[in-house]
Every structure is written in structure tokens, then in C-alpha cells.
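This report concerns only the one structure given below.
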Amino acid sequence: EKRIKIINLCLDAKKLIASNKYQEAEKIYEKACRIAENVYRQTMSNKDSKTLFECYMKMAEFYKDINPNFELLQRWYQKIVYLKNTTCNTRASLEEYHEFLEWYVSTLFLMKDNHKYSDMVTYGFRMKNKAKSLYIKTKTIEDIKFVILANLFIAEGYCHIDKKLKAYYYYKLVATKMEKIYFTILDEGLKYDLIDVYQKLSDLTNKKILKILNRKWSMKKQILKGAD
């Protein structure tokens, strides 16, 4: 009965959106999400997890495309990440785990756009822990890239909240890992990504106590830019 109720509520909300009744549609979508959450908590079934995900997606689409509000959109992205986390902890294929990490990436980019830099650091660490767990199993370049990306978000978040030493540490960590991959596969796109990281490190070491390290990163950037 509750599952049928969720379907009907979503249909009602869709009709209201077609009539430009956005506020009423918003409330009905929220009600559908609450019911779906309650059902999933009771059953923890794969079917009800998918239903809840679909409800969250409708809310996300509402705040992204229909009645844009990117702070509320972030909230629903975070709910999607939390839901994906519960399912990936128990029964995830490699494809599903990658999708889970991609949701982390989308959420972190949204946090960046919303200037939620402390959230970026927090979620960056969470993503890093999940990505490292995957990389330990697969040892693939594709999966170490998720770890690198998490470190980039952490570094940028620290940079914006004026924790320069911590930002330096994580950008340096990124540079070290990217160098290892680049000099193994010599990918042109990765080369320019690495140059960007060298620039970040050069900018961070341009003042105060890190000044002594500036020449190192400036030289690395120039050498890589000048490489054939």
C-alpha cells in the first residue's frame, strides 16, 4: 500500500509541475521521500532502495532544473550519497561502487560551487576512505584516480578556509601520485592536470613560511611544460 502511495504521489507532483504549481509539487515530493525512507528502513530491500533513490532523484531534478536552488540540491545529493553508501557496504558490484564514487564527485563539485569548503573537506575525506578501500582490492589506475580526486577536493577546501599548510600537504600528495602515473603512461591530459597541480603548489609556496619550497614547484612546472 505504501509503495503504491509513493508512485501516486510522484505522479501527482508531476501534474502539479506541469501546471507550474511548484510549491505544492515540492511538498508532495518531500512526502513521497519520507514514505520511501520509512519503507526502506523497515525492509532494507534492494527494490525499496531503488524506489528511495528514484524519489531522491526527483527531488534533485526539481531543485536543479525545475525550481533551481543549489543549496537544497546539495542536501539531496548528500542524501543520495548516504543511501548509496548503505547499499555499497553490503552488496555492490564494481560498476555500482564506481557509480557511488561518482555521486561523491558530483556532490563535491556542487559543494565547491556553493562555496561550502568545510563540507568539501569533510566529504573529501569520506570519499577518500571509500576510494582507498576499492583501490586496495583492484590496484587499477582508474581507481587510484578516485583517491587522487578526493585529495584534490580536500586540498582545495583547506586552501579556501585558509589552512595553507594542510592544503600544501594534500596538493603535494596529489602531485606525488600523479607523477607516478604520468611517467608510467605518459598521458597528455594527465600532463596538463599535473601542471595545474604544480601551479597550485607554486601559488601556495609564494609567501611566508613555504617560500623556500617555491622554486622546486616552479621548476617542476616549467620542466614539464617544456617536455616533448
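Keep in mind that the numbers below use all heavy atoms, side chains included, and drop hydrogens, waters and symmetry copies. If you read the sequence from its start, that first residue is 1, and numbering goes on from there.
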Original post:
What distance do Lys164 atom NZ and Thr205 atom OG1 have between them, rounded to the nearest 0.5 Å?
Top reply: 12.0 Å
Original post:
Does any non-hydrogen side-chain atom of Leu108 lie less than 4.5 Å from one of Val105?
Top reply: no
Original post:
In Å, rounded to the nearest 0.5 Å, how long is the span from CE of Met219 to OG of Ser202?
Top reply: 11.5 Å
Original post:
Does Tyr97 have its ring centroid less than 6.0 Å away from the ring centroid of Phe100?
Top reply: yes
Subject >> Cluster overlap Tyr29 with Tyr82, hydrophobic side-chain contacts below 4.5 Å >> reply: no
Subject >> Closest non-hydrogen atom pair, Leu52 against Cys33 >> reply: CD1-O, 4.0 Å
**OP:** Test Tyr104 against Tyr77 for side-chain contact (heavy atoms from CB on, under 4.5 Å), laying out the working first.
**Re:** CA-CA 8 Å; Tyr104 255 118; Tyr77 272 26; over 6 Å; no
**OP:** Mark yes or no for whether Asn67, through its side chain, and Phe62, through its backbone, hold a donor-acceptor pair below 3.5 Å.
**Re:** no
Original post:
Does Asn8 have any side-chain contact (heavy atoms from CB on, under 4.5 Å) partners at least two apart in sequence or in another chain, and if so, which?
Top reply: Ile4, Leu11
**OP:** Cation-pi check, Lys191 to Tyr182: give yes when NZ or CZ is under 6.0 Å from the six-membered ring centre and within 45° of the ring axis, no otherwise.
**Re:** no
**OP:** Check whether Leu94 and Leu149 end up in the same hydrophobic cluster, where Ile, Leu, Val, Met, Phe, Trp and Tyr are linked by side-chain heavy atoms less than 4.5 Å apart.
**Re:** yes
Original post:
In terms of hydrophobic clustering (I, L, V, M, F, W, Y; side-chain heavy atoms under 4.5 Å; direct or indirect links), are Tyr170 and Phe109 co-clustered?
Top reply: yes
Original post:
Between the side chain of Lys221 and the main-chain N/O of Ile195, is any donor-acceptor distance below 3.5 Å?
Top reply: no
**OP:** Is it possible for you to say whether Val174 and Ile161 belong to one hydrophobic cluster, with membership spreading through side-chain heavy-atom contacts below 4.5 Å?
**Re:** yes
